[in-house]
Amino acid sequence: MVQKEKPSEDGDKKKAKRPDLKAITKMFEANATMYPEKRIGDLPGISVGHRFYSRAEMVVVGFHSHWLNGIDYMGLSYSKGEYHNYTFPLAVAIVISGMYEDDLDNAEDVIYTGQGGHDLTGNKRQIRDQKLERGNLALKVCLWFKLASLSLFRCWYIGEQAQVRGKNCVEQCVPVRVVRGHECASSYCGRVYTYDGLYKVVQYWAEKGLSGFTVFKYRLRRLEGQPILTTNQVQFSYGRVPQSVAEIRGLVCEDISGGQEDVPIPATNLVDDPPVAPSGKLDS
DNA sequence: GAAATAATTGTT
DNA sequence: AACAATTATTTC
């Protein structure tokens with residue numbers, strides 16, 4: 001897939017300013033994409049921890065169909081046929097890339113800021129109120145409710161009232177795929193995106209954000225029973241390996257094996273401030 | 001058909 | 001390093 005995304009040669013005179021986008025277009029024309037239709041939940045072949053080396057990769061796979069938007073959702077056009085039981089628009093995937101000043105990321109528990117009102121220049125400023133439309137509406141529709149049965153069900157909205165279909169709810173849970181952007185020197189665009197699993201929207205509200213404009217916020221909780229989330233806590237190195245421990249950012253332990261391995265295994269911590277070293281012993 | 005979206009490339 | 005320009009799909 002990465003190979004196919006390399007820039008095409010037809011732009012001898014004009015440089016392709018966005019080879020990644022050109023590649024997307026060509027692959028769609030050639031029907032060379034994996035999942036042309038949007039899907040809810042996991043995609044076969046893309047497991048938790050999968051790394052995408054650009055937004056464009058996610059687009060051609062069909063994992064997240066925008067190379068720009070943070071929120072991918074199924075629009076009203078999906079409300080017929082296979083998905084006629086669902087309410088739309090319905091969010092299916094989000095990218096947390098730290099562009100919004102009001103985001104808060106605690107790995108298993110995330111406060112995600114809705115889209116819109118952004119000044120789009122990369123300085124993380126909100127300049128207008130957000131509205132409950134588009135992706136923001138789609139995320140709200142994903143909201144899960146806690147019922148007396150202690151089970152979480154997704155409720156169906158008609159207007160502002162949560163209705164139960166049949167009784168008051170539908171036994172159909174609609175999780176959201178969560179992707180995180182990370183800095184990554186070995187990726188050609190300087191960052192890498194990891195699939196961190198399915199999350200459920202458990203709460204949403206509107207508030208005045210840091211810049212004083214209304215933003216919509218969504219609390220997402222990671223579903224249980226998924227592979228342990230490591231991508232946010234561990235600095236993997238791929239491609240170019242550091243030549244000395246001095247090159248490693250956030251080093252907290254030079255060898256977590258304590259000499260049991262021939263090659264020392266350093267550990268880093270870029271999350272805690274100040275960094276906390278791993279505790280406990282490794283048993284042989 | 002316009003509007004919305006912010007990642008990547010290009011330029012200073 | 002910081003900033004500006006460009007980008008094209010999805011959505012209604």
Side-chain angles (χ1 to χ4, degrees), chain A residues 2 5-8 10-11 13-40 51-80 83 86-103 112-142 176-177 179-194 209 211 213-216 218:
Chain A
V2 175
E5 281 185 36
K6 289 194 172 154
S8 54
D10 56 347
K13 298 168 185 175
K14 293 182 181 178
K15 293 175 187 172
K17 296 179 179 176
R18 289 294 298 266
D20 53 336
L21 303 184
K22 295 279 189 282
I24 292 174
T25 309
K26 282 206 183 296
M27 289 180 74
F28 272 103
E29 287 170 357
N31 240 2
T33 59
M34 267 179 76
Y35 297 108
E37 296 283 307
K38 297 191 187 189
R39 292 178 173 221
I40 295 169
R51 300 192 308 281
F52 298 94
Y53 286 93
S54 78
R55 292 291 300 265
E57 277 191 30
M58 283 188 263
V59 175
V60 292
V61 169
F63 199 77
H64 189 296
S65 57
H66 296 86
W67 54 269
L68 208 60
N69 282 8
I71 304 170
D72 188 21
Y73 63 98
M74 298 165 86
L76 301 182
S77 61
Y78 283 87
S79 56
K80 311 243 169 151
Y83 296 102
Y86 292 80
T87 317
F88 292 92
L90 186 58
V92 292
I94 62 171
V95 178
I96 304 172
S97 51
M99 282 303 294
Y100 281 84
E101 61 188 1
D102 297 303
D103 275 354
Y112 189 73
T113 308
Q115 63 186 189
H118 205 265
D119 78 349
L120 307 183
T121 61
N123 60 9
K124 301 187 182 185
R125 292 277 164 69
Q126 293 299 121
I127 55 171
R128 300 189 65 181
D129 287 344
Q130 290 186 344
K131 293 174 183 170
L132 192 57
E133 58 186 23
R134 297 171 179 275
N136 297 346
L137 182 59
L139 271 177
K140 174 198 160 177
V141 174
C142 284
V176 179
R177 298 189 292 271
V179 174
R180 281 187 177 80
H182 310 266
E183 300 287 318
C184 176
S186 62
S187 174
Y188 77 93
C189 64
R191 51 193 62 85
V192 67
Y193 298 87
T194 57
S211 297
F213 294 98
T214 299
V215 293
F216 286 93
Y218 302 85

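The sequence lines fix the lettering, A, B, ..., with proteins before strands; numbering per chain opens at 1.
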Trainee: Within the pair A:R191 and B:dT8, is there a side-chain N or O less than 4.0 Å away from OP1 or OP2?
Mentor: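 Result: yes.
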Trainee: What integer distance in Å separates A:H64:NE2 from C:dT10:P?
Mentor: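 So the NE2-P distance, A:H64 to C:dT10, works out to 12 Å.
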Trainee: Check the distance between C:dA4's P and A:R18's CZ and give it to me in whole angstrom.
Mentor: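 Result: 18 Å.
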Trainee: What is the distance, to the nearest angstrom, from the CZ atom on A:F216 to the P atom on B:dT5?
Mentor: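 After rounding, the gap between these two atoms is 13 Å.
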Trainee: Hey, is the side chain of A:R55 poking within less than 4.0 Å of OP1 or OP2 on B:dA7, counting only N and O atoms?
Mentor: yes
Trainee: Which whole-number value in Å describes the distance from A:M58 CE to C:dT9 C1'?
Mentor: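 Checked: the CE to C1' distance equals 15 Å.
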Trainee: So do the side chains of A:Y73 and A:R134 get within less than 4.5 Å of each other, counting heavy atoms only?
Mentor: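 They are in contact (side-chain heavy atoms under 4.5 Å apart), so the answer is yes.
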Trainee: Return the value, rounded to whole Å, for the distance between atom CE of A:M74 and atom P of C:dT9.
Mentor: 20 Å
Trainee: Under 4.0 Å, heavy atoms only, any strand: does A:F28 hit a base, just the sugar-phosphate, or nothing?
Mentor: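 Nothing: the residue A:F28, judged by heavy atoms under 4.0 Å, touches no strand.
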Trainee: How is A:L76 classified with respect to the nucleic acid when contacts are heavy atoms under 4.0 Å: base, sugar-phosphate, or nothing?
Mentor: sugar-phosphate
Trainee: Without decimals, in angstroms, what is the distance between A:I24 CD1 and B:dA6 C1'?
Mentor: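 Rounded to the whole Å, the gap is 14 Å.
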Trainee: Taking only side-chain N and O atoms of A:T121, does any of them lie within less than 4.0 angstrom of OP1 or OP2 on C:dC3?
Mentor: no
Trainee: Within the structure provided, determine whether A:L139 and A:Y112 are in side-chain contact (heavy-atom separation under 4.5 Å).
Mentor: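 Yes, close enough: below the 4.5 Å cut-off.
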Trainee: Using the six-membered ring wherever Trp is involved, compare the ring planes of A:F63 and A:F52 and label them parallel, tilted or perpendicular (cut-offs 30° and 60°).
Mentor: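 Correct class here is tilted.
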Trainee: Where the side chain of A:Q115 is defined as all heavy atoms beyond and including C-beta, which of B:dT9, B:dA6, C:dC12 is the nearest nucleotide?
Mentor: B:dA6
Trainee: Between A:W67 and A:G75, which residue's closest nucleotide on DNA chain C lies nearer the 5′ terminus?
Mentor: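 By nearest-heavy-atom nucleotide position, the 5'-most residue is A:W67.
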Trainee: Name the nucleic acid region contacted by A:G116, choosing base, sugar-phosphate or nothing; use a 4.0 angstrom heavy-atom cut-off, strictly under.
Mentor: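 The answer is sugar-phosphate, as A:G116 gets under 4.0 Å only of primed atoms, P, OP1 or OP2.
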Trainee: Side chain of A:L21: nearest nucleotide among C:dA8, C:dT10, B:dT9?
Mentor: C:dA8
Trainee: Atom CG of A:D20 to atom P of B:dT8: distance rounded to whole Å?
Mentor: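 So the two atoms are 7 Å apart, to the nearest Å.
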Trainee: With a non-hydrogen cut-off below 4.0 angstrom, is A:T25 in contact with a base, only sugar-phosphate, or nothing?
Mentor: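 Sugar-phosphate only.
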Trainee: Let me spell it out: for each of A:S97 and A:R128, pick the nucleotide of DNA chain B with the closest heavy atom. Which residue's pick is nearer the 5' end?
Mentor: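 Looking at the nearest nucleotide for each, A:R128 comes out on the 5' side.
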Trainee: Give one of base, sugar-phosphate or nothing for A:L120, where a contact means two heavy atoms less than 4.0 Å apart.
Mentor: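 Since a base atom lies under 4.0 Å of A:L120, the category is base.
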Trainee: Can any side-chain N or O of A:R128 pair as donor or acceptor with the backbone N or O of A:G116 at less than 3.5 Å?
Mentor: no
Trainee: Of the listed nucleotides (B:dA7, C:dT11, B:dA6), which one gets closest to any side-chain atom of A:H118?
Mentor: B:dA6
Trainee: Roughly how many Å is it from CG in A:D119 to P in C:dC3, rounded to a whole number?
Mentor: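 The answer, rounded to whole Å, is 11 Å.
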Trainee: Tell me which nucleotide among C:dT6, C:dT11, B:dT8 gets nearest to the side chain of A:S54.
Mentor: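 Comparing C:dT6, C:dT11, B:dT8 against the side chain of A:S54, the answer is B:dT8.
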Trainee: Within the structure, does a side-chain N or O atom of A:Y78 lie under 4.0 Å from either OP1 or OP2 of C:dC12?
Mentor: no
Trainee: Within the structure, does a side-chain N or O atom of A:K22 lie under 4.0 Å from either OP1 or OP2 of C:dT7?
Mentor: no
Trainee: Test side chain to side chain contact (heavy atoms under 4.5 Å, CB included) on A:V179 and A:H64 and set out the steps.
Mentor: CA-CA 9 Å; A:V179 174; A:H64 189 296; 5.7 Å; no
Trainee: When the ring planes of A:Y83 and A:Y86 are compared, do they come out parallel, tilted or perpendicular, using 30° and 60° as the limits?
Mentor: perpendicular
Trainee: Which part of the nucleic acid, if any, lies within contact of A:K131, taking any heavy atom under 4.0 Å across all strands shown: a base, the sugar-phosphate backbone alone, or nothing?
Mentor: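 Nothing, no heavy atom under 4.0 Å.
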